[in-house]
Amino acid sequence: MVVKTQNKGRGVIGLHVGTDNVRLYFPKNISSIDLVLGHLQIQCGLKPDFWQDEPEIFDPRLCSWLESRHLIAKSSRASIPLAMIPAGENAFRLEPIRQDAHARARAKVDSERVA
């Protein structure tokens, strides 16, 4: 799935997962997920609003990892797409994606919705 970085200001940076991805990949009975960030694995809690109107993940360790990989947009309004790949039960691997790969992935999702 494609997710995007989200900057809430004051050093609070996380992931915007999106409501479609939440419905497809996140059972409502879980309260946390594991994120695999390179060689690091962290557990991130999911707030109750995650399944309604705030499909976002924020964690200080995630923020530090994003910053260390320079995956923070220069503009606070801009976001950077990332691949969030299932890696086990309630676990996902987070990886940077190239812009052309993002365009191909989006086109594939759009074509599957039409079919």
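Two different hydrophobic clusters hold Val36 and Leu94 under the rule that ILVMFWY side chains link at heavy-atom gaps under 4.5 Å. In the hydrophobic clustering of this structure, Tyr25 groups with Val22; members are Ile, Leu, Val, Met, Phe, Trp, Tyr whose side-chain heavy atoms approach within less than 4.5 Å, directly or through other members. No continuous path of hydrophobic side-chain contacts links Ile30 to Ile85 [ILVMFWY only; heavy atoms under 4.5 Å].
The stretch residues 27-46 participates, sequence neighbours left out, in no ring pair (Phe, Tyr, Trp, His ring centres under 6.0 Å) pair at all. Listed by first and then second residue, the side-chain hydrogen bond (donor to acceptor under 3.5 Å, both in side chains) pairs involving residues 43-52 are Ser32-Gln43 (not counting sequence neighbours).
Between the side chain of Thr5 and the backbone N or O of Ile80 there is at least one donor-acceptor pair closer than 3.5 Å.
Between Ile57 and Met84 the shortest side-chain heavy-atom distance falls below 4.5 Å. Cys44 is listed as a side-chain neighbour of Ile42, based on a closest heavy-atom distance under 4.5 Å. In this structure the side chain of Asn90 never reaches within 4.5 angstrom of the side chain of Asp34, judged on heavy atoms. Here the side chains of Leu66 and Leu37 are not in contact, with every heavy-atom distance at 4.5 Å or above.
Residues Cys63 and Ile13 approach most closely at CB-O, 3.5 Å, considering heavy atoms. Between Leu82 and Pro96 the shortest heavy-atom distance is CD2-CA, 3.6 Å. When all heavy atoms are compared, the tightest approach of Phe58 to Gln6 is CE2-O, 3.9 Å. When every heavy atom of Val2 is checked against every heavy atom of Pro81, the shortest pair comes out as CG1-CB, 4.0 Å.
Salt bridge Arg93/Glu95: present, at least one basic N to carboxylate O contact under 4.0 Å.
Scored by the ring-ring contact (aromatic ring centres under 6.0 Å, His included) test, Phe26 finds Phe50, Phe92 as partners (sequence neighbours excluded). Partners of Ser68 under the side-chain hydrogen bond (donor to acceptor under 3.5 Å, both in side chains) rule, at least two apart in sequence or in another chain, do not exist in this structure. Residues satisfying the side chain to side chain contact (heavy atoms under 4.5 Å, CB included) test with Thr19, not counting sequence neighbours, are Arg23, Pro55. Partners of Glu54 according to the side-chain hydrogen bond (donor to acceptor under 3.5 Å, both in side chains) rule, which considers only residues two or more places apart in sequence or in another chain, do not exist here.
Taken to the nearest 0.5 Å, the CZ atom of Arg61 stands 10.5 Å off from the CD atom of Gln41.
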